[in-house]
Amino acid sequence: MFHTKKNNQVRQFTQIMEKDIRVRMAPSPTGSMHIGTLRTVLYDYLFAKKNSGKLVLRIEDTDQSREVEGAVTDLLLRLEDVGIVHDEGPFMDHANEKIQERGNYAPYTQSKRLDIYTKYVNKLLEKGHAYHCFCSSERLDEMRKQQQKSKQPPMYDRTCCTLSPDEVADRIDKDEKYVVRMKVSRGETITVDDLIRGKVEFKSDTVDDQVILKSDGFPTYHLAVVVDDYLMKISHVIRGEEWLPSAPKHVILYKMFGWDLPVFAHLPLLLNENKSKLSKRQGDVSVEDFLNKGYLKEALINFVAFLGWNPGGGQTREIYSLDELIEVFDLEKVHKAGAVVDVKKLNKINSHYIKQKDIDELYDETVKFFNSDLQKKYPNANKHSDDRDFLKRVLEVERDRLERLTDFGQENAFFFGDITAHKDLLTWKESTDDQTSDALKRAREVLAEINQDNWTRENLASTLMDAAGDDRGSFLWPLRAALTGEKRSPSPMDCAWVLGKQESLSRLKNAIDLF
Ligand code: GLU
């Protein structure tokens with residue numbers, strides 16, 4: 001394939017803009033939703049919303065052997081999780097726990113459209129753009145072996161292209177198995193006009209006579225995608241770069257039917273950090289994996305939007321809500337080069353959203369990740385596991401340092417169980433035992449004075465800072481160590497606030513008793 005500069009793009013694009021914008025996501029239900037599918041869907045959604053267009057979901061299940069049960073449900077649930085709502089296609093009907101299709105172009109599941117494809121295959125047969133092929137798989141295997149030996153590209157040798165109509169009818173009558181192939185003209189240049197890549201040219205001599213109807217009566221992807229994009233009035237075909245080599249076959253089919261082409265936009269590949277194609281072996285690839293790892297949907301959407309696009313114009317801003325993305329998204333600014341899935345960047349974006357989310361909403365998202373199995377570290381560790389207010393206070397204190405929701409509570413397990421204080425840990429630098437014991441007693445008195453209503457984060461902070469005066473370390477260190485039993489933890493004020501008055505006083509008493 002040859003890439004040339006973008007031209008005529010603007011004119012073509014403007015013409016299309018005058019038509020209704022309709023985009024589609026067309027996943028095959030072969031497993032759980034991939035992060036690449038989310039990126040395509042997101043770009044579809046942003047583009048549709050920005051242009052008052054419609055987003056169609058179409059299930060491409062023509063390869064029944066690859067179908068995974070439950071994949072469509074998974075897809076619909078993940079879309080709900082991330083907050084992308086399509087306009088037409090299958091939807092989850094939660095009341096009846098069923099999938100239901102909505103929209104004027106139904107059915108949106110290709111296996112329910114077989115008669116439509118047969119009709120269009122017959123049109124191509126009538127026009128001489130397609131032919132029946134009776135070659136057995138053994139013969140095709142042998143042909144490919146020979147081609148490999150003589151270093152020829154693997155392409156169908158057109159044995160059945162010249163069969164007479166009578167012979168075809170006769171063999172069909174005899175119940176011989178057949179497929180239908182498209183008949184690609186030779187010696188032509190096929191141009192795929194791509195919004196992101198410009199004109200990409202292919203020699204028709206390298207395009208195989210692709211099977212368009214299989215012997216089981218199902219169309220192949222190539223035929224079904226073209227027929228459906230046409231019938232569903234899709235204006236822009238947005239999909240991953242891995243589909244670019246298929247695009248000339250689609251362009252040929254559009255021409256055979258005499259249909260206007262949609263605008264194509266092939267999105268850049270997603271890459272691992274070592275620049276290889278994104279793979280499960282090197283990290284997470286499914287949307288569910290990312291959500292299960294404690295990434296907020298806002299963070300995931302924000303991160304995925306930047307996989308292959310940015311607002312440009314020297315913009316360094318990285319944080320955009322879904323609505324803000326709709327405002328600034330520009331399909332023509334999508335990059336050609338592959339986009340690295342950089343988890344460190346995702347963590348950074350996630351931290352941002354964790355810090356600024358409403359605490360009750362954050363709590364509701366986080367609590368499912370709370371690992372109450374903390375006994376390994378502290379006895380009696382589950383005493384607060386079901387205490388919403390307590391857990392919410394822990395979250396409030398931790399949120400500024402959390403990268404993922406799954407980390408919640410992990411760093412500060414001492415909140416949850418019975419701790420044991422040690423003299424060494426309680427002692428600040430060169431302080432004597434008496435000095436440490438005095439500091440602990442004074443801290444206990446100060447805390448005992450604060451009544452329950454004033455046990456707030458702010459009041460604890462100001463009261464304890466006042467009590468510490470200039471000599472902060474010798475007062476605050478023993479207090480913090482007594483409350484936590486740890487060398488590192490959030491501030492003593494925050495720890496006291498989370499633990500509550502009674503527990504704080506009792507932990508201090510245990511520490512004082514050591515001296
Ligand atoms: N069914 C294809 C997939 O699984 C869609 C390709 C396209 O968008 O044309 O990704």
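Atoms within each ligand, like the ligands themselves, are counted from 1 in listed order.
For Asp141, the side chain to side chain donor-acceptor pair (under 3.5 Å) partners at least two apart in sequence or on another chain are Arg144.
Counting only N and O atoms by type, the side chains of Glu88 and Tyr108 include a donor and acceptor under 3.5 Å apart.
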Every pair of nitrogen or oxygen atoms between ligand 1 and the protein that is under 3.5 angstrom apart - can you list them with their distances to 0.1 Å?
| unit_1 | atom_1 | unit_2 | atom_2 | d |
| --- | --- | --- | --- | --- |
| ligand 1 | 1 (N) | Ala26 | O | 2.8 |
| ligand 1 | 1 (N) | Ser28 | OG | 3.1 |
| ligand 1 | 1 (N) | Glu60 | OE1 | 2.6 |
| ligand 1 | 4 (O) | Ser28 | N | 3.2 |
| ligand 1 | 4 (O) | Ser28 | OG | 3.0 |
| ligand 1 | 8 (O) | Arg24 | NH1 | 2.7 |
| ligand 1 | 8 (O) | Arg24 | NH2 | 3.4 |
| ligand 1 | 9 (O) | Arg24 | NH2 | 3.0 |
| ligand 1 | 9 (O) | Tyr221 | OH | 2.7 |
| ligand 1 | 9 (O) | Arg239 | NH1 | 2.9 |

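Between His250 and His222, the ring planes are tilted. Angles from 30° to 60° get that label. Between Tyr254 and Trp259, the ring-plane angle classifies as perpendicular under the 30° and 60° cut-offs.
A cation-pi contact links Arg181 to Tyr156, judged by a cut-off of 6.0 Å to the six-membered ring centre and 45° from its axis.
Looking at Asp364 and Arg388, a side-chain N of the basic residue comes within less than 4.0 Å of a carboxylate O on the acidic one, giving a salt bridge.
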